[in-house]
Amino acid sequence: MSSLYYILWLMIFDTEHIVTEDEILGKEIFLLLRRKKMRFIEFSYFCPDCIFSAQLVYYIHWRMQIVIKKVSYKEQVYQYLKTALIKGELQAGEIYSEQQVADQLNVSRTPVREAVMQLTHEGMLEVRANRGWTVRPVSEDDLREIVAARIAIEGYSIRWLTKEAPESVRQKTLAGLGVVQEKSRPYIASDHMHYEFMKLDTQFHTLLVAATGNSYLIRIHEQMRTKLEQAIFTSLHHRRRHAEAWEEHAAILSAIGRRDEADAMRAFMVHMQATSRVFGVAQ
């Protein structure tokens, strides 16, 4: 059996820190024993590499506010298929069936059908009448449009951070970006661990957009996320791309820290040009 990993669907809030599912991805979650006089809440977890089951466990916390999202079978199947898509474990041109996935994950066909419908709506899959479904490949047009949308949305976010953002927001964002850079550092000397580096790469750019607090930009950027992750994961197979992307992020971070809008945008456009080149759609 391949190494297990769990996604814990919770977000822990306090005044200083937010823990998201991206930070927990790849870590094993163990059941904590209940103690007297401590309040506890329930959460669900799943293991994409195990026989599928949503097991109920307890998480004990007594200082922070906890917001829980219970994970349905449909959501579990959706995350499983999306991860397989991003990693290239599901191949374009292959026909897959609901029953095939249901048998593999030990669930009924209903959550598989619902997950496939969602991924089809997001442009990741194509349904073949009376045959099943297949992966919709990322086309050159997709890549060009993703790059153009990122330049518009992330470029605005960088300009806003350097010129208009309140100092408290800027400092909080810089701290978050710095944490992502440090987490990425162990991967820069390696041309492996593409999935782990890709998740951190995507998180870096997500933090830039999230800093604006603009719900429309955040929503549009999020809608591109799976296609973007799929494209980034493929691009990271280029030799030394981990190190190059890390250095490009560092240049963006440094310029934002100096409130140098022109330098930040130059660094960002260098990054986007390099991204376009490895995507094979150099502009």
*asked:* Under 4.0 Å between a side-chain nitrogen and a carboxylate oxygen: does that hold for Arg241 and Glu248?
replied: yes
*Val77 side chain reached by Val116 side chain, heavy atoms, under 4.5 Å*: no
*Partners of Glu222 by salt bridge (charged side-chain N to carboxylate O under 4.0 Å, His left out), sequence neighbours excluded?*
Arg225
*Qualifying side chain to side chain donor-acceptor pair (under 3.5 Å) pairs with a residue from residues 123-138, counting only residues at least two apart or across chains*: Arg136-Asp142
*Can you name the closest pair of heavy atoms from Thr173 and Ala211 and give their distance?*
OG1-CB, 3.3 Å
*Heavy-atom check, side chain of Arg150 versus side chain of Thr275, under 4.5 Å*: yes
*Please report the closest heavy-atom contact between Ser276 and Val147, naming both atoms and the distance.*
OG-CG1, 3.4 Å
_Flag for Gln104-Tyr80: side-chain donor and acceptor within less than 3.5 Å_ = yes
*Group every Ile, Leu, Val, Met, Phe, Trp and Tyr by side-chain heavy-atom contacts under 4.5 Å, then state whether Ile188 and Val270 land in the same group.*
no
*asked:* Do Met269 and Trp160 sit in one hydrophobic cluster, given that two such residues count as connected whenever their side-chain heavy atoms are within less than 4.5 Å of each other, even indirectly?
replied: yes
_Nearest heavy-atom neighbours spanning Thr162 and Ala264_ = CG2-CB, 4.1 Å
*Just wondering, more than 12 heavy atoms not from Met117 lying within 6.0 Å of its CE?*
no
*Nearest 0.5 Å, what's the NZ-CG distance between Lys172 and Leu174?*
13.0 Å
*For Tyr96 against Gln91, the heavy-atom pair lying closest together*: OH-N, 2.9 Å
*Gap separating the CD1 atom of Ile151 from the CD1 atom of Ile146, nearest 0.5 angstrom*: 12.0 Å
_Leu81 CG to Gln79 CD distance, which is reported to the nearest 0.5 Å_ = 10.0 Å
_Side-chain heavy atoms of Ile158 within contact of Leu208, under 4.5 Å_ = yes
*Would you say Glu145 and Met224 make side-chain contact, with heavy atoms under 4.5 Å?*
no
*Test side chain to side chain contact (heavy atoms under 4.5 Å, CB included) applied to Gln118 - qualifying residues, sequence neighbours left out*: Lys74, Tyr78, Glu122
_Taking the side chain as everything from C-beta on, heavy atoms only, tell me whether His205 gets closer than 4.5 Å to His271._
yes
*Quick one: pull up CH2 in Trp246 and OH in Tyr187 and give me the separation to the nearest 0.5 Å.*
14.5 Å
*Verify side-chain contact (heavy atoms from CB on, under 4.5 Å) between Arg159 and Tyr156, making sure each step is shown before the conclusion.*
CA-CA 5 Å; Arg159 289 192 296 271; Tyr156 168 84; 4.0 Å; yes
_Closest heavy-atom pair and its distance - Glu229, Ile86_ = OE1-CD1, 3.0 Å
*Minimum-distance pair of heavy atoms, taken over all atoms of Pro137 and Lys227*: O-NZ, 3.9 Å
_Ile153 CD1 to Ile220 CD1 distance, which is reported to the nearest 0.5 Å_ = 5.0 Å
*For Glu167, salt bridge (charged side-chain N to carboxylate O under 4.0 Å, His left out) partners two or more places apart*: Arg170, Arg259
*OH/Tyr195 to CG/Leu200 distance, rounded to the nearest 0.5 angstrom?*
11.0 Å
*Decide yes or no for Gln99 and Arg109: does some side-chain heavy atom of the first lie under 4.5 Å from some side-chain heavy atom of the second?*
yes
*What is the ring orientation for His249 with Phe204, classed by angle as parallel under 30°, tilted 30 to 60°, or perpendicular over 60°?*
parallel
*Under the side chain to side chain donor-acceptor pair (under 3.5 Å) rule, what pairs show up with a residue in residues 209-220, not counting sequence neighbours?*
none
_Test salt bridge (charged side-chain N to carboxylate O under 4.0 Å, His left out) applied to Asp263 - qualifying residues, sequence neighbours left out_ = Arg258, Arg266
